Amino acid sequence: MTVLVTGGAGYIGGHMVLALRDAGEAVVVVDDLSTGFRWAVPPDVTFYEGDFGDQSLMQQIIAAHKIDAIAHFAAKIVVPESVADPLGYYRNNTSSALNLLEMAVRHHVRHMIFSSTAAVYGEPDVEAVSELETTNPMSPYGRSKLMVEWMLEDTAKAHDLRYVALRYFNVAGADPRGRHGQSALNATHLIKRAVQTALGRYAYMEVFGTDFPTPDGTGVRDYIQITDLIAAHMQALAYLRRGGTSLVCNCGYGHGASVLDVIGAVKKVSGTDFEVRLSPRRAGDPARLIARADLARDRLNWVPRHDNLEEIVQQALDWERRLHNRQP
Ligand code: UFG
């Protein structure tokens, strides 16, 4: 049995590849290297440089490797970019996923793990969002992912395929053993940006919005450590293989940190003070996005182990230093 990981040269997919290898699983990666890095895929993992929506390539890979499960990570993930280029997002995230799904059905791949997003909820008006909350994505990015959830739901009803869609909240941190981390160039994510500022890559950082209805006025997010997130995927794979029914699950800890909390943690952990500028809100940012994550714990037996903001920040900082040595 072999697991095919799309986007396995990227941040989240790359951690999945490591976890699968650590568990002794056979792994094949397909990645077009548009944002991922060839060096991120261990040399003993079979790697195909290409597009997961390319049906002849996928047919070739599935036939050659006895694929029993696909973990599908490859996607465009920048919300403002999706607003500027909606069709690019629908093509890559939705239409190519349809191609992939078609190949999975045609070649009897029975298990699929899909990386979905909290962006499917939009701006929820509850303190913590459960999977039962109405979906109301506010960006083409969120819509492009929700449409794949729907395709999976319908496909699973019609064919011999079961899936787990995991809705990620804010993923951060790095492999505790230092093998992989967030390496994207020009990343805009808060923790990455803050550790880069602490290391002097930027002269200052901005807080986008100080007038949200939150305790300190800045945006609150549920930051989930990458290894914990990947553990949910590994549990999902085991769940599907033992016959579990299709499932949509949040991946978060169930509590949040504000932008100022995060900046405070980065200053503390790095021992660096840096300039922080207060700026207006970014378009489309919800005030708070916190998961209710009981379902992952109950159905997937998911047990998070790194629910600690300072630990997450330390990992991000350590990785950023390593990355700098690799790509100065
Ligand atoms: N922020 C700052 N300054 C920065 C960067 C971010 O103040 O330099 C703030 C944002 O305004 C927000 C919080 O930090 O309040 C988190 O922002 P991120 O950009 O790190 O993450 P988002 O919550 O905007 O986005 C994340 C994922 C998306 C996903 C979205 C779901 O990165 O892929 O959650 O809402 F779509």
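Here the structure is a predicted model, which means the values were calculated and not measured. Indexing begins at 1, ligand by ligand and atom by atom, following the structure's order. Heavy atoms only: backbone and side chains are in, while hydrogens, waters and symmetry mates are out.
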Where does ligand 1 get N/O contacts under 3.5 Å from the protein, atom by atom?
| residue | atom | partner | partner atom | Å |
| --- | --- | --- | --- | --- |
| ligand 1 | 3 (N) | Glu206 | O | 2.7 |
| ligand 1 | 7 (O) | Glu206 | O | 3.4 |
| ligand 1 | 7 (O) | Phe208 | N | 2.9 |
| ligand 1 | 11 (O) | Asp285 | OD2 | 2.6 |
| ligand 1 | 17 (O) | Arg282 | NH2 | 3.4 |
| ligand 1 | 19 (O) | Arg282 | NH1 | 3.3 |
| ligand 1 | 19 (O) | Arg282 | NH2 | 3.0 |
| ligand 1 | 20 (O) | Leu190 | N | 2.8 |
| ligand 1 | 21 (O) | Asn170 | ND2 | 3.1 |
| ligand 1 | 23 (O) | Asn170 | ND2 | 2.9 |
| ligand 1 | 23 (O) | Arg221 | NE | 2.7 |
| ligand 1 | 24 (O) | Arg282 | NH2 | 2.8 |
| ligand 1 | 32 (O) | His189 | NE2 | 2.8 |

Exercise. Are Asp285 and Arg282 close enough for a salt bridge, meaning some N to O gap below 4.0 Å?
Worked result: yes

For this session: Verify whether the ring centers belonging to His72 and Phe52 lie closer than 6.0 Å.
Result: yes

Exercise. Less than 6.0 Å separating the ring centroids of Phe73 and His233?
Worked result: yes

Problem set entry | Tyr90 six-ring centre to Arg143 NZ/CZ under 6.0 Å and within 45° of normal | no

For this session: Any side-chain hydrogen bond (donor to acceptor under 3.5 Å, both in side chains) involving residues 237-248? Give me the pairs, sequence neighbours left out, ordered by first then second residue.
Result: Glu25-Arg241, Asp68-Arg241, Tyr239-Thr245, Tyr239-Arg299, Thr245-Arg299

Exercise. Can Arg167 and Leu146 be said to form a side-chain contact (heavy atoms from CB on, under 4.5 Å), step by step?
Worked result: CA-CA 10 Å; Arg167 292 176 175 166; Leu146 184 57; 4.3 Å; yes

